[in-house]
Amino acid sequence: MNAAPTLAAAPFDAAELAALRADFPILSRTTRSGRPLVYLDSGATSQKPLAVLDAERRFYTEHNAAVHRGAHQLAEEATDAFEAARAAVGAFVGAPAHEVVFTKNATESLNLVAHAFSTSTAYAQRGSAPQGQRVDPRFVLAEGDEVLVTEAEHHANLVPWQELCARTGAVLRWVGVTDDGLLDADALDGLVTERTRVVAFAHASNVLGAVADVARFVAAARRVGAVTVLDACQSVPHLGVDLPALGVDLAAFSGHKALGPSGVGVLWGRAELLEAMPPFLTGGSMIELVRMERSTYAPAPQKFEAGVPMAAQAVGLHAAVDYLRALAPGGRGMERVEAHERALTALLLERLAELPWVRVVGPAAAADRVGLVSFVLEGVHAHDVGQLLDDEGVAVRVGHHCAWPLHRRLGAAATTRVSFGPYNQPSDVDAVLRGLHRAHELFA
Amino acid sequence: MNAAPTLAAAPFDAAELAALRADFPILSRTTRSGRPLVYLDSGATSQKPLAVLDAERRFYTEHNAAVHRGAHQLAEEATDAFEAARAAVGAFVGAPAHEVVFTKNATESLNLVAHAFSTSTAYAQRGSAPQGQRVDPRFVLAEGDEVLVTEAEHHANLVPWQELCARTGAVLRWVGVTDDGLLDADALDGLVTERTRVVAFAHASNVLGAVADVARFVAAARRVGAVTVLDACQSVPHLGVDLPALGVDLAAFSGHKALGPSGVGVLWGRAELLEAMPPFLTGGSMIELVRMERSTYAPAPQKFEAGVPMAAQAVGLHAAVDYLRALAPGGRGMERVEAHERALTALLLERLAELPWVRVVGPAAAADRVGLVSFVLEGVHAHDVGQLLDDEGVAVRVGHHCAWPLHRRLGAAATTRVSFGPYNQPSDVDAVLRGLHRAHELFA
Amino acid sequence: MDLYQQLIIEHSKRPHGSGLREPFGAQVHHVNPTCGDEVTLRVDVADDGTVRDVSYDAEGCSISRASASVLHDLVVGRPLEQVQRTREAMHGMLTSRGEDAGDEDVLGDGVALAGVSRYPARVKCALLSWSALADAVLRVRPC
Amino acid sequence: MDLYQQLIIEHSKRPHGSGLREPFGAQVHHVNPTCGDEVTLRVDVADDGTVRDVSYDAEGCSISRASASVLHDLVVGRPLEQVQRTREAMHGMLTSRGEDAGDEDVLGDGVALAGVSRYPARVKCALLSWSALADAVLRVRPC
Ligand SMILES: Cc1ncc(COP(=O)(O)O)c(C=O)c1O
Ligand SMILES: Cc1ncc(COP(=O)(O)O)c(C=O)c1O
Ligand code: FES
Ligand code: FES
């Protein structure tokens, strides 16, 4: 869409929205009940605009070759496209290209970081680091060293740390969640000790919608020299985010939640830290010198990108961030996306507040949230809610949303989550409400 | 293309080839020198037929959702498409769906296997396996246990094993390459000892083109109970391969070399073995039960597929294997692909044999090869050869092809590699020869 | 929508035979991995192979609760052979992707669950108590 | 094809100043990571800052060998300040992606390498000996 909005921080108006929605063909399909699709599961994965699909196809039909591996013209073109994607995706989150590592998804990004600790630890214990590679003490864990997460984490930012502890003898600690469904940030200072080596937390919770007080986490971690790892999966697609400015050391997000293709994720890290980390996946294209006995590795980001990469998907993600930026003049599209999704969130929260049989989890005010709302219908199982919404054509997510410990803490086996993308419209909220009323009538 | 060939094992005739080539739009582009593209770098990555691009696009415009995560209709459709891809890709290599793990590329597949050993070893040493999970002794390494590879491996099947040794204290051994550029298979029996726990080797070498005597490796490994890992990257796209019938335990290949999209690879493993292996990447969708303290994991293949997967790419790979099978009646397309590429290989070998200034590495006969040929031009650096071929519009790969130790052994800093796909034609060989003559005249 | 038949809603609101009772020959605990819901189920089988009681505690959606309630109706008082046939009929119907509408003579109110087979994500809900039953029976009468 | 100018071919076949000689103030070894090719390079700088000799052993493609040969011509007998300017001019031309054709007064035969800038994969070939030189000079004259 090419409409030039006038107010950078206003929601999209009806005309803008119609133009934008036309870029997403899937939004005009109907569902098995004959009703038009109302897609409200962008927190799981977003839909993709035609610009993204076209960019991928153009790559395949004009430039496809293995990147970083050939001297022929196609290989050069493919490599240029891949590296241009790195620069654009970096710029989208305020980072230089050489601090951007392409992975298959945010989960791989977070595992990569967790393994940097166990691999460094093994190198240090065995003296087995590649020749000339200093083992950085920040990544070496001693028995009883601590990894701090929160009780609200997505499994992707929890299980890799549990497994790191199982490999090394480190101990997992966590910031709890209060009865109100908020992070118990006051407990943070007591939990960060001299033994804390990693502080890993979500920028925005994929269940609560709450945006974390990043500065507070960073300050606590800095005090003891712990590495900070930000799970930015639910912030980067929905807010304007400048990762380096946040003060964290490393951050992960996925392309498929930010209008990009499936199969591509990002790890951002401060250059100095990426250099200090050992590789994770090893193989072709990430080496400096290979002998049968042992090998040495290329500088970051190549060091972390073993094998033929997801080039077409990186190119698709490039088109996605270009698309998002272009939603407002001066490349400030994310400001409008944020404003738009926040307006929808406020509308939904307002409507839900009128229903005494609905319990919303997380912050009461839209201003404290990214564009998603999870809730419980009293006396109705979330999967039945989801099914009735599905029957209205409304696609939402039900379950524990890969945050099982949080749901246990909230005393809810499952919640229903509505999550917005830039293409959602006020009438989508009406559709949700219709479905909720039906579920309430049928079951409660 | 829909031509119905009559003889299952004949090369494609001119008409068939013309129809097939029309499915690959990139083949009709021209290069900077104004000459038509002659793509002979399929060993690095193949080109993709329209059927693959269309399948991906259809997925995005009609069914896109996060798989294995939602109860709504789109999520069901996306999950069905993803699982149908698993079944089809499995069938393509003779395996049941539940033995197929989707990864981002073959490199990840091989790393996954290498980490199964170090993670099991850590679990055993610390008693830290997930509750109820038996640590399988086949994956536990003691100091001095041995990992056997070959000197001809691609870095992807070498460096992960070096790193495994660096993490565990295991020792890397390798089957050497003879002066003739063949695997020294006679040394195998002496190299497989009671301490050998893994035997990892390529089905077909990406430099020599030689097809390994798999049965011999398997027999030697079985004798001592070692796990066999096959790098099938250069066999699956070029030969009809039945992985379970080969007798190996695990095998890796990449989708992008088999007409599929970038960003998707495969690990095949015997069900029993996959069950015995701990997970690699951890996070959402691969869990059984998550508590803050520790988690348990889903059965394979889900256990190995953490995070939102590359669904569109799996769907594209499904279309690719369907396309390949349909190149001959009864789904026997790979027999014709093999015959076709072998005929081109024979032609190329024949023409190169006429040039006293060309030294071919690997087996002399096309019958002992997959469809690729690497060679050295006396007195001319491979990168200059590649550049002059590029000027003829011919895309080949020059360098060590991620097999640096092998090149050191062959006494060649770099070779030029011509690798075929089903869409190559005899005139492509003529174009190579034209470029080689020019290089010889200019530099020698 | 063919999923939430009135019968299902009724069974789910007032499930028959709910609650854990004594005596019992075996107790099992099954979890639906896709949602984390669970059922604890007990069987009591007489020496002649008649199921004297099935008692259960089911946490889950309406489909899973209704299915447990229907199970209780179809199984209590029946010989194990018949229970086995009923279970197979139920499994067949639920996994038929809309092909098998179920035989009311065999499945009674259970045919109201036929619509579930069109919703792959919900099939496990309806199967949960039935797999628990199979498991429990196996423990009482290993074969 | 603008890459393999006749001058390049000649330099690559009969490279000027090739071989390692004594005396020298510093020796460095640089590898081109994209291809594994390498150069060992020595510089000998007089007290007045004049480069007395550059000697080298270059393993690599015609571009890298020709570039080392051109380097020898352009650097031997020149004061370090001028060498620095030459190196910058060469670097600028090679990384210009076809924008900078090079100044023959500064780069001599080196302008025949201008075409390299259009082939990103080959730019490192031509830069190899020049980065080695920069490194070697830094070791002789740290600043
Ligand atoms: C023999 C062999 N093994 C492994 C690989 C690595 O495959 P990928 O880059 O898809 O991970 C390749 C190709 O690059 C190969 O040819
Ligand atoms: C907060 C959060 N972290 C991590 C992830 C994992 O992302 P991915 O599945 O792309 O790896 C998700 C989404 O699934 C998420 O919402
Ligand atoms: S949703 Fe859990 S049993 Fe139905
Ligand atoms: S190809 Fe190695 S230096 Fe040119």
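Atom set for the values below is all heavy atoms of this structure, side chains included, hydrogens, waters and symmetry mates excluded. Naming: A, B, ... by sequence-line order, numbering from 1 per chain. No experiment lies behind these values; they were computed from the predicted model shown.
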Colleague: Checking heavy atoms, do the side chain of S42(A), its backbone, both or neither come under 4.5 Å from chain B?
Modeller: neither
Colleague: Could you go step by step and tell me if Q73(B) and R29(A) meet the side-chain contact (heavy atoms from CB on, under 4.5 Å) rule?
Modeller: CA-CA 12 Å; Q73(B) 185 183 352; R29(A) 74 163 266 183; 3.2 Å; yes
Colleague: Between L50(B), V394(B), T168(B), who has the most heavy-atom pairs with chain A when the cutoff is under 4.5 Å?
Modeller: T168(B)
Colleague: Quick check for you: to the nearest 0.5 Å, what is the distance between R291(B) atom CZ and Q162(A) atom CD?
Modeller: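 If I round to the nearest 0.5 Å, the distance is 11.0 Å.
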Colleague: Is L53(A) in contact with chain B via its backbone, its side chain, both, or neither, using a 4.5 Å heavy-atom distance?
Modeller: both
Colleague: Do other residues, nucleotides or ligands put more than 12 heavy atoms under 6.0 Å from the CD atom of Q131(A)?
Modeller: no
Colleague: For chain B, which candidate among S262(A), S128(A), G283(A) shows the most heavy-atom pairs at distances under 4.5 Å?
Modeller: S262(A)
Colleague: At their closest point, which heavy atom of A66(A) faces which heavy atom of T45(B), and how far apart are they?
Modeller: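 Smallest heavy-atom distance, with atoms named: N-CG2, 3.3 Å.
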Colleague: Contact part of P130(A) toward chain B, heavy-atom cut-off under 4.5 Å: side chain, backbone, both or neither?
Modeller: side chain
Colleague: Using 4.0 Å as the upper bound for N to carboxylate O, is an ion pair formed by R32(B) and E77(A)?
Modeller: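 No, this pair does not count.
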Colleague: In terms of heavy-atom proximity below 4.5 Å to chain B, should F24(A) be classed as side chain, backbone, both, or neither?
Modeller: neither
Colleague: Measuring heavy-atom distances to chain B, does L172(A) have an atom under 4.5 Å in its side chain, in its backbone, in both, or in neither?
Modeller: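 The side chain, not the backbone.
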Colleague: For chain B, which of E293(A), H115(A), M310(A), H72(A) has the most heavy-atom pairs under 4.5 Å?
Modeller: H72(A)
Colleague: So which of D390(B), D41(B), L158(B), N111(B) has the biggest tally of heavy-atom pairs under 4.5 Å with chain A?
Modeller: N111(B)
Colleague: Run the salt bridge (Lys or Arg N to Asp or Glu O under 4.0 Å) test against E392(A) and tell me which residues pass, sequence neighbours left out.
Modeller: R35(A), R434(A), R438(A)
Colleague: Which bit of N64(A) comes within less than 4.5 Å of chain B, counting heavy atoms only: side chain, backbone, both or neither?
Modeller: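 Backbone plus side chain of N64(A), per the 4.5 Å heavy-atom cut-off to chain B.
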Colleague: Can you find a heavy atom in the side chain of V52(B) that is under 4.5 Å from one in the side chain of Y60(A)?
Modeller: no
Colleague: Between K48(B) and R57(A), is any pair of side-chain heavy atoms under 4.5 Å apart?
Modeller: no
Colleague: Using a cut-off of under 4.5 Å for heavy-atom pairs, which of S118(A), C165(A), P261(A), G265(A) has the most such pairs with chain B?
Modeller: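 Among S118(A), C165(A), P261(A), G265(A), the one with the most close pairs to chain B is P261(A).
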Colleague: Please name all residues satisfying salt bridge (Lys or Arg N to Asp or Glu O under 4.0 Å) with E163(B), sequence neighbours left out, ordered by chain then number.
Modeller: R294(A)
Colleague: Under a 4.5 Å heavy-atom cutoff, which of F280(B), F59(B), W161(B) has the most pairs with chain A?
Modeller: F280(B)
Colleague: Treating R167(A) as the side-chain partner and A122(B) as the backbone partner, does any N or O pair qualify as donor plus acceptor under 3.5 Å?
Modeller: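 No, because the side chain of R167(A) does not come within donor-acceptor range (under 3.5 Å) of the backbone of A122(B).
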Colleague: Spell out, as yes or no, whether a donor-acceptor pair under 3.5 Å connects the side chain of N105(A) to the backbone of V308(B).
Modeller: yes
Colleague: Picking from R397(B), Q313(B), M292(B), which has the most non-hydrogen pairs under 4.5 angstrom with chain A?
Modeller: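 Highest number of heavy-atom pairs under 4.5 Å: M292(B).
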Colleague: With a 4.5 angstrom heavy-atom cut-off, which part of D54(A) approaches chain B: side chain, backbone, both or neither?
Modeller: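 The answer is both parts of D54(A).
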Colleague: Non-hydrogen atoms of chain B under 4.5 Å away: do they reach the side chain of E56(A), the backbone, both or neither?
Modeller: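 Only the side chain of E56(A) comes within 4.5 Å of chain B.
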Colleague: Can you check whether I26(A) reaches L74(B) side chain to side chain, under 4.5 Å on heavy atoms?
Modeller: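 SC-SC contact between I26(A) and L74(B) confirmed.
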Colleague: I would like to know whether V290(B) and R408(A) meet side-chain contact (heavy atoms from CB on, under 4.5 Å); could you show each step before the answer?
Modeller: CA-CA 10 Å; V290(B) 178; R408(A) 217 176 271 120; 5.6 Å; no
Colleague: Counting only heavy atoms closer than 4.5 Å, note whether S28(B) contacts chain A via side chain, backbone, both or neither.
Modeller: neither
Colleague: Where on E143(A) is there a heavy atom nearer than 4.5 Å to chain B: the side chain, the backbone, both, or neither?
Modeller: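 Side chain only.
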Colleague: Just give me the residue among A44(A), G386(A), G169(A), P278(A) that pairs up with chain B most often, heavy atom to heavy atom, under 4.5 Å.
Modeller: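 Looking at each option in turn, the highest pair count goes to G169(A).
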Colleague: So which of T282(A), L27(A), V159(A) has the largest heavy-atom pair count under 4.5 angstrom toward chain B?
Modeller: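 The candidate making the most pairs under 4.5 Å is T282(A).
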Colleague: Given that the side chain runs from C-beta out, which part of L37(A) has a heavy atom under 4.5 Å from chain B: side chain, backbone, both or neither?
Modeller: side chain
Colleague: Which one of A403(B), A395(B), A311(B) has the most heavy-atom pairs closer than 4.5 Å to chain A?
Modeller: A395(B)
Colleague: I need the residue from T107(A), T103(A), T119(A) with the largest number of non-hydrogen atom pairs under 4.5 Å to chain B.
Modeller: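 Ranked by heavy-atom pairs under 4.5 Å with chain B, first place is T107(A).
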Colleague: Counting only non-hydrogen atoms closer than 4.5 Å, does T121(A) touch chain B with its backbone (N, CA, C, O), its side chain (CB onward), both, or neither?
Modeller: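 Nothing of T121(A), per the 4.5 Å heavy-atom cut-off to chain B.
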Colleague: Please report the shortest heavy-atom distance between A166(A) and Y123(B), naming the atom on each side.
Modeller: CB-CE2, 4.1 Å
Colleague: Using non-hydrogen atoms and a 4.5 Å limit, figure out which bit of P25(A) sits close to chain B: side chain, backbone, both or neither.
Modeller: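 Contact with chain B is through both the backbone and side chain of P25(A).
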Colleague: Measure V149(B) against the heavy atoms of chain A and call it side chain, backbone, both or neither at under 4.5 Å.
Modeller: side chain
Colleague: With a 4.5 angstrom heavy-atom cut-off, which part of S120(A) approaches chain B: side chain, backbone, both or neither?
Modeller: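 Looking at S120(A), nothing touches chain B.
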Colleague: Please report the closest heavy-atom contact between G284(B) and H155(A), naming both atoms and the distance.
Modeller: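 Scanning both residues, the minimum pair turns out to be N-CB, 3.9 Å.
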